[in-house]
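Residue indices begin at 1 and follow the sequence shown. Keep in mind it's a predicted model, so treat the numbers as computed, not measured.
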Amino acid sequence: MKAVDANLLEFLKKGTQFVVPIYQRVYSWEPSECERLWDDILHAGTRDNVGAHFTGSIVYVEKEHGTRTSAEPDLIIDGQQRVTTVTLLLAALAARLEKLPDNEQEPVEGFAPRKIRGLYLTNPLEDGERFFKLILSQGDKDALKSVIRQAPTPTDATSRVFTNYELFVSKLAHPAVDLVAVCLGLKKLIVVDVKLTRGADHPQLVFEAMNSTGKKLSQADLIRNFVLMDLSPQDQTRLHEDFWYPMEREFTGVHADRFDEFVRHFLTLKTGSTPRFGDIYDSFKAHAFALEGVGAHRESIVIDLAQHAQWFVSMALGKEPDAQLAKAFAEIEQLRATVVYPFLLRLYADYAAHTLSQSDFVQILRDTISYLFRRVICRIPTNSLNKTFSGLAGSIYPAKYVESVGARFLTLGSYKRFPTDSEFDDALRVEDLYHSQRAPYFFRTMENHGRKEEVSTAEYSIEHIMPQNENLRPEWKSDLGAEWEAVHSRLQHTLGNLTLTGYNPELSDRPFASKRDMPGGFKDSPLRLNKGLGQLQVWNEAAIDKRAAELAAQAISIWQRPHLSEDILAGYRSEFAESTGFDWSLTHDILDAIPAGRWTGYHSLAEAVGTAAQAIANHISKCSTCTHPYRVLTWDGRIAELFAWSDPKDRRDPAELLESEGVRFISGVADPEQKLATEDLLALVEDEV
């Protein structure tokens, strides 16, 4: 590798041609970044005391065995954004100067339009693609060619090349702009010229090291460069066109941020560990290196990623052709349960390989949806569900696919549990559904269950049959009885009192009889949710409770729990225990996250991770990787009688250690105000989901 300071215009002039490889991201500088470069150029051009202005580095690798003086182009691997922007400014400057009188077209020596074009933008003696000094990647390639040739801008142009070119055209046309200052500023632009030799230098390592300046690359950008950069140009083109670009194209527009999410799910499935969003690229590299270490080729890694991306797009981005599967996938998206995708990617792989039938796939998706939604209604903390689903694939027995997955759901304990019918029923009747984020999903599903022609509920709003207004009309107070305030407070936002209507403003706070009989009222409603309301004479506590029980029973039949006998479950419990053992990773994460000055109990920690208090005590007394074991006390805040450090040589007094960290003790009991309950412990690791 050779790095030297160089004048940017000289760099462009001496280079035969620079090509942005196909694996590089598209040109993406925002107008604000162009404005900043423009200001820097004017600043340098108007001040004699500014001899040069540093704009960053340009890293390029020679193509095959070419040299700077050969006809072979160099591949830019870093700095393409600033090189492209300066090229656009030069093109706009040449166009502006051409409009001036002949004697004003060269405000600074060397900046006549034909010189700008012939020295920095084109190779005048060449034809075809070799005519252009800079060749961009993907959709920007033709856009830059069009600008250099001064062709009209297409009406449907989407490339930022056109946007930023027009920005510079507009700035240069302003009467107050000093074209001399622009030319002088351009002459002062300095870059670090970094040339890499193929076969001797490692482009990817250099690229990573120099990615600390300029427009920050996404994890997807880094992965794309990593998988394609070291391949031959022919292999780069083939893999990019056949696999990478079709995959990446699915994640454009509103789905752009979901590519990183997909790779995270992919890595969770492949490695069993969920990387943080900022560590996706490093985790992918580690995964790739591990595969290459056992003989895999880079091509197979790209193909595997592209295949899983196709399945993810089918599930998460609404591209699934099978109607039943598509409906289930849409529900999972409505529940915003992205943590399930590592598990679903495994299911889809088996479905594509015909190991899992369509009907069984649908059934497992229904069980998964029920598991997720019941937990939401029962307010079971969702923290670390990623750990549940990342390990669920290991419980699959292909010969008994649906049964084994259902058994695993039913044998999950504590905070991972699948709520029972009774637990779900109780929660449905008393839960404040009106303020739940899942309320639209719930009522849409309830209304359309069993319908062949679904009703679009988007045009309807949630209606309180008994108004939520605290200043109830006399008719309502009479219907609700002497304890109307308590009834209103307890039931106003619950299942029995909520429905859907398109006449919310008209219904307003009217008495029940008026809501029932008015045009568009409950008697006229075509919605199944309003069935029976038109025949009631009064709406009171008993009516609300009765309707809540009926709707809860319906919900239990929709979001069903798997049905397996205790004998079958007993067999699976034994097999799961033997095959997996207990996963202590969440225990370690929580212990590591408990802050100084706080403590928790063995029972609280056991409930958070899904085991018994005695098992927690036994584990942390022997585990050398458990941090802060002294911050776990008995339920009432005492040091456990049998507390022991994992290191027998450790003689520290746990009580003294806790006091030094700020825990207050009174008569040997830790302050209960400083205790972390189960939900507090799970909140400590919420960022891990």
Side-chain angles (χ1 to χ4, degrees), residues 223 227 239 242-244 246-248 250-251 255 258-275 280 283-284 287-288 290-292 294-333 337-369 371-372 385-409 579-580:
I223 292 171
V227 298
L239 283 179
D242 292 348
F243 299 102
W244 189 276
M247 169 180 64
E248 195 172 43
E250 297 285 357
F251 293 93
H255 301 305
R258 301 207 70 176
F259 184 83
D260 287 357
E261 178 200 329
F262 153 66
V263 179
R264 189 181 190 227
H265 298 320
F266 172 81
L267 291 170
T268 301
L269 172 67
K270 294 293 183 177
T271 68
S273 177
T274 304
I280 291 172
S283 297
F284 184 86
H287 168 64
L291 291 177
E292 290 173 349
V294 294
H297 295 288
R298 190 67 57 89
E299 176 176 349
S300 65
I301 297 171
V302 175
I303 293 173
D304 189 38
L305 184 70
Q307 179 62 82
H308 282 78
Q310 181 181 338
W311 298 333
F312 179 80
V313 166
S314 292
M315 294 187 291
L317 305 188
K319 300 292 183 70
E320 173 56 46
D322 183 272
Q324 287 184 296
L325 289 174
K327 184 177 184 298
F329 294 146
E331 288 191 50
I332 287 171
E333 279 292 296
T338 60
V339 292
V340 306
Y341 282 117
F343 173 57
L344 298 191
L345 283 171
R346 161 64 193 278
L347 296 181
Y348 210 113
D350 287 344
Y351 170 63
H354 305 292
T355 303
L356 174 63
S357 70
Q358 184 267 3
S359 59
D360 284 353
F361 196 179
V362 171
Q363 183 57 56
I364 294 173
L365 289 172
R366 300 298 337 155
D367 289 345
T368 302
I369 290 167
Y371 174 71
L372 293 167
L385 266 180
N386 61 324
K387 296 182 184 296
T388 299
F389 281 100
S390 65
L392 201 57
S395 303
I396 294 172
Y397 296 167
K400 297 180 178 180
Y401 222 119
V402 174
E403 182 182 279
S404 62
V405 174
R408 192 65 190 114
F409 273 134
S579 63
T580 63

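- In plain terms, the two heavy atoms of Ala328 and Ile369 that are nearest each other are O-CD1, 3.6 Å.
- Judged purely by distance below 3.5 Å, without hydrogens or angles, the side chains of Ser359 and Ser357 pair a donor atom with an acceptor atom.
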Item checked: From CA spacing to verdict: side-chain contact (heavy atoms from CB on, under 4.5 Å), Leu392, Val340 -> CA-CA 10 Å; Leu392 201 57; Val340 306; over 6 Å; no
Next item on the list: Could you walk me through whether Lys327 and Glu320 pass the salt bridge (Lys or Arg N to Asp or Glu O under 4.0 Å) test, one step at a time?
Entry: CA-CA 9 Å; Lys327 184 177 184 298; Glu320 173 56 46; over 6 Å; no
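- Here NE2 of His308 is found 13.0 Å from CD1 of Ile303. Values are rounded to the nearest 0.5 Å.
- Distance check, rounded to the nearest 0.5 Å: CG of Asp242 to CD of Glu299 gives 9.0 Å.
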Note to self: Evaluate Tyr401 against Leu347 for side-chain contact (heavy atoms from CB on, under 4.5 Å), listing each step before the verdict.
What the structure shows: CA-CA 10 Å; Tyr401 222 119; Leu347 296 181; 3.5 Å; yes
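- A distance of 11.5 Å separates OG in Ser300 from CG in Leu305, rounded to the nearest 0.5 Å.
- When all heavy atoms are compared, the tightest approach of Ser395 to Ser404 is O-CB, 3.7 Å.
- Interatomic distance, Ile332 CD1 to Leu344 CG, rounded to the nearest 0.5 Å: 5.0 Å.
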Next item on the list: Apply the test side-chain contact (heavy atoms from CB on, under 4.5 Å) to residues Phe251 and Leu317: give CA-CA distance (whole Å), side-chain angles for both, the deciding distance (0.1 Å), then the verdict.
Entry: CA-CA 9 Å; Phe251 293 93; Leu317 305 188; 4.2 Å; yes
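- Classified by interplanar angle (parallel below 30°, tilted 30° to 60°, perpendicular above 60°), the ring pair Phe312/His265 is tilted.
- With hydrogens and angles ignored, the 3.5 Å screen pairs no side-chain donor or acceptor of His354 with any backbone N or O of Asp350.
- Side-chain contact between Met247 and Val302 is absent, with no heavy-atom pair separated by less than 4.5 Å.
- Note on Glu331 versus Arg366: salt bridge recorded, some NZ/NE/NH1/NH2 to OD/OE distance being below 4.0 Å.
- The ring of Phe259 has its center closer than 6.0 angstrom to the ring center of Trp244.
- Contact detail for Ser390 and Gly272: the closest heavy-atom pair is OG-O, 4.4 Å.
- Taking all atoms of both residues into account, the shortest heavy-atom contact from Asp322 to Leu325 is OD1-N, 3.0 Å.
- Looking only at distances, no side-chain donor or acceptor of Arg346 sits under 3.5 Å from a matching main-chain atom of Leu269.
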Item checked: side-chain contact (heavy atoms from CB on, under 4.5 Å) between Val405 and Tyr397, intermediate numbers included -> CA-CA 8 Å; Val405 174; Tyr397 296 167; over 6 Å; no
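- Put simply, CZ on Phe343 and CG on Leu385 are 13.0 Å apart, with the number rounded to the nearest 0.5 Å.
- With salt bridges taken as basic N to acidic carboxylate O contacts below 4.0 Å, one links Arg258 and Glu333.
- Ring-centre distance between His287 and Phe266: below the 6.0 Å cut-off.
- Between the side chain of Ser314 and the main chain of Gln310, a donor-acceptor pair closer than 3.5 Å is present.
- For Thr368, there are no side chain to side chain donor-acceptor pair (under 3.5 Å) partners at least two apart in sequence or on another chain.
- Taking the side chain as every heavy atom from C-beta outward, Val263 and Pro275 never approach each other to under 4.5 Å.
- In this structure, Tyr341 has its ring center no closer than 6.0 Å to that of Phe262.
- The line from NZ of Lys270 to CD1 of Ile301 is 10.5 Å long, rounded to the nearest 0.5 Å.
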